Amino acid sequence: MKLLVVIALFGIAASQRQSDTLDDSFALLDADANGELSKAELTGYVAVIDKNHDGVITMEEYSGTAAEADRNSPEIVGTFNFYDNYDSGPMSGKIDINNVINQLFADLDIDGNGAVSKQEFTVRFAVVEQKIAASVAAAATAAGK
């Protein structure tokens with residue numbers, strides 16, 4: 001179940017009912033069910049992808065979350081590229097978990113109170129998903145798809 005949330009959080013899976021998907025993702029990410037997400041909760045779910053526990057996610061680790069046939073798909077490559085760039089700087093071929101969580105948390109925590117409410121998550125992660133979609137489209141174009 002955690003892996004599915006990670007995949008949803010990182011935007012691999014698309015849904016026609018984005019609001020329901022975001023509500024479901026929020027509920028699963030909110031491990032203590034207090035109605036708010038903490039950095040620790042986000043980190044715990046994203047860290048599942050970091051197989052060697054070195055604090056970074058490589059493309060090999062990231063694509064390992066998908067079926068083998070999909071590992072080079074524009075969805076995987078584009079989403080990885082988005083977070084590789086999102087983690088503070090030019091693309092490096094790896095995602096620094098702490099940098100991504102800090103950036104993501106700052107983007108989601110609209111009121112700056114140190115916790116992300118369901119409303120903040122739903123509103124702000126929809127914007128992140130749009131940026132991921134643009135990165136996926138760029139990867140598809142680069143792959144000639």
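Here the structure is a predicted model, which means the values were calculated and not measured.
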With side chains defined as the heavy atoms from C-beta onward, is the minimum distance between [X] and [Y] less than 4.5 Å?
X    : Y    : answer
Y45  : L28  : no
V46  : I57  : yes
R124 : V128 : no

[X] and [Y]: which non-hydrogen atoms are nearest, and at how many Å?
X    : Y   : answer
D50  : E61 : OD1-OE2, 3.3 Å
S135 : G78 : OG-O, 2.6 Å
I97  : A47 : CD1-CA, 4.2 Å
F26  : G35 : CZ-O, 3.4 Å
I132 : T79 : CG2-OG1, 3.6 Å
I95  : Y83 : CD1-CB, 3.6 Å

[atom1]-[atom2] distance between [X] and [Y], expressed to the nearest 0.5 angstrom:
X    : Y    : atom1 : atom2 : value
K131 : N85  : NZ    : CG    : 11.0 Å
Q119 : D111 : CD    : CG    : 9.5 Å
L108 : E120 : CG    : CD    : 8.0 Å
M59  : I76  : CE    : CD1   : 7.5 Å
T122 : L22  : OG1   : CG    : 5.5 Å

Check: [Y] main-chain N/O paired with [X] side-chain donor or acceptor under 3.5 Å:
X    : Y    : value
E41  : S38  : yes
D109 : V116 : no
D84  : S92  : yes
D23  : A27  : no

field: Cluster overlap F80 with V56, hydrophobic side-chain contacts below 4.5 Å
entry: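 No, no single cluster joins them.
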- prompt: How are the rings of F125 and F121 set to each other: parallel, tilted or perpendicular (split at 30° and 60°)?
  reply: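 Aromatic pair F125/F121 classed parallel.
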